[in-house]
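Letters go in sequence order (proteins before strands), and every chain restarts at 1. Remember, it's a predicted structure, so these values are computed and weren't measured experimentally.
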There are 2 protein chains.
Amino acid sequence: MDITFENLKQELKKKNIGLSYQRLKVLEYLIQNRCHPTVEQIFTELQKDIPTLSKTTIYNTLRILAEADLVKVINIEEKEARYDIDTKDHGHFKCESCGAIFDFPIDIDSLIPEDLSKFKINDKNVYFKGLCPGCLYNNN
Amino acid sequence: MDITFENLKQELKKKNIGLSYQRLKVLEYLIQNRCHPTVEQIFTELQKDIPTLSKTTIYNTLRILAEADLVKVINIEEKEARYDIDTKDHGHFKCESCGAIFDFPIDIDSLIPEDLSKFKINDKNVYFKGLCPGCLYNNN
DNA sequence: ATACAAATTTGTAATCATTACAATGCTATT
DNA sequence: AATAGCATTGTAATGATTACAAATTTGTAT
């Protein structure tokens with residue numbers, strides 16, 4: 001299923017999550033900004049539309065969306081969480097020079113070892129770090 | 001190369017890292033406690049041996065060991081970092097019920113897609129979350 | 001051994017993302 | 001319009017980590 005605003009609204013309804021203006025704005029932002037934004041980024045941008053916006057609302061909304069599996073939390077950094085509207089399995093690469101986070105395809109399931117056959121896996125994360133082609137080229 | 005106290009001491013010398021009592025104690029603790037301990041755990045335990053020990057020393061030591069690639073930082077949790085003396089590639093599974101972290105073998109390199117051929121990969125992490133066999137059995 | 005410089009440790013204070021909580025505001029239903 | 005329940009807001013608390021400066025230890029040259 002495609003990640004469209006309408007589809008996600010359906011999902012929220014299906015899961016009995018109220019479609020408040022703030023929540024829809026957060027969703028909209030995540031759909032349009034696939035750069036794995038931080039709470040700070042989302043807050044700063046949406047504040048332009050909603051002057052009374054509280055950062056707590058962003059935290060609440062993201063927690064609810066994550067619990068409903070509509071958003072994936074990315075803990076690739078030590079300090080600040082990032083959020084991804086794409087919940088399908090894929091890897092993340094963080095450039096240690098420019099800080100950008102890149103998606104890459106990865107077939108995680110094909111590598112799950114026999115050792116885990118008795119475990120119930122709810123969440124799979126593959127994080128790489130290093131230097132992206134641009135920074136390598138510029139010797140950053 | 002095996003992970004022994006003596007081998008690690010050699011590594012420290014080779015990298016011009018002073019072999020202070022505190023640093024050796026941290027290494028010793030990590031070798032003997034492969035449960036991916038937190039700073040708090042390491043500090044609490046070593047304090048018994050070194051009453052004047054400061055938590056800052058644990059942080060400093062772990063940062064130095066990690067920079068020297070003698071220890072791997074595990075950011076599988078949101079808040080607290082964990083540390084692993086085993087720097088060879090392997091996956092980590094965190095049980096969301098009991099909190100235990102399990103190692104599992106995984107051939108990460110075979111998964112790296114063509115898309116990343118122009119990236120320099122310095123660090124690879126595979127983190128799963130879910131329920132371990134024990135907790136599944138006990139319906140935790 | 002002594003003195004000195006450099007490295008290391010220590011303790012306190014600051015930082016900063018996240019969470020707790022209570023008060024206010026909004027929405028839907030009757 | 002009244003009410004109840006949910007959502008938002010703002011402030012204060014939490015807690016891991018870092019900054020920093022003083023004190024201690026270590027290594028080295030004399």
Roughly, in whole Å, what's the span from [atom1] in [X] to [atom2] in [N]?
{"X": "A:E80", "N": "D:dT17", "atom1": "CD", "atom2": "C1'", "value": "14 Å"}
{"X": "A:I64", "N": "C:dT19", "atom1": "CD1", "atom2": "P", "value": "13 Å"}
{"X": "A:L62", "N": "C:dA17", "atom1": "CG", "atom2": "C1'", "value": "13 Å"}
{"X": "B:K79", "N": "C:dC16", "atom1": "NZ", "atom2": "C1'", "value": "17 Å"}
{"X": "A:L24", "N": "D:dA7", "atom1": "CG", "atom2": "C1'", "value": "13 Å"}
{"X": "A:N60", "N": "C:dC21", "atom1": "CG", "atom2": "C1'", "value": "11 Å"}
{"X": "A:I17", "N": "C:dT27", "atom1": "CD1", "atom2": "C1'", "value": "17 Å"}
{"X": "B:F43", "N": "C:dT10", "atom1": "CZ", "atom2": "P", "value": "9 Å"}

Tell me whether the side-chain N/O atoms of [X] come closer than 4.0 Å to OP1 or OP2 in [N].
{"X": "A:R23", "N": "D:dT8", "value": "yes"}
{"X": "B:Q22", "N": "D:dT25", "value": "no"}
{"X": "A:S20", "N": "D:dT8", "value": "yes"}

From the options C:dT18, C:dT9, C:dT10, select the nucleotide whose nearest atom is closest to the side chain of B:S54.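 Between C:dT18, C:dT9, C:dT10, the one nearest the side chain of B:S54 would be C:dT10.
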Nearest of D:dC20, C:dT19, D:dG10 to any side-chain atom of A:Y59?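 Within the option list, the nearest is C:dT19.
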Would you say B:N125 and B:K72 are linked by a side-chain donor-acceptor pair, where the criterion is simply a distance under 3.5 Å? yes
Do B:N7 and B:T4 pair up side chain to side chain, a donor and an acceptor below 3.5 Å, judged on atom types alone? yes
Look at all strands and tell whether A:T57 reaches a base, only sugar-phosphate, or nothing, counting heavy atoms closer than 4.0 Å.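 Answer is base: heavy atoms of A:T57 come under 4.0 Å of a base.
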Look at all strands and tell whether A:T56 reaches a base, only sugar-phosphate, or nothing, counting heavy atoms closer than 4.0 Å.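 Base contact - A:T56 has a heavy atom under 4.0 Å of at least one base atom.
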Does B:R34 form a salt bridge (charged side-chain N to carboxylate O under 4.0 Å, His left out) with B:D86? I'd like the steps, not just the answer. CA-CA 8 Å; B:R34 305 297 191 90; B:D86 182 0; 5.4 Å; no
Determine whether B:F93 and B:I74 fall in the same hydrophobic cluster, where Ile, Leu, Val, Met, Phe, Trp and Tyr are linked whenever their side-chain heavy atoms lie under 4.5 Å apart.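 Result: no, two separate clusters.
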Does any part of the side chain of B:E80, heavy atoms only, come nearer than 4.5 Å to the side chain of B:V39, both counted from C-beta?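 The answer is no, as the side chains (C-beta and beyond) never meet within the 4.5 Å cut-off.
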Report the residue (B:P51 or B:N16) whose heavy-atom-nearest nucleotide on DNA chain C is the more 5′ of the two. B:N16
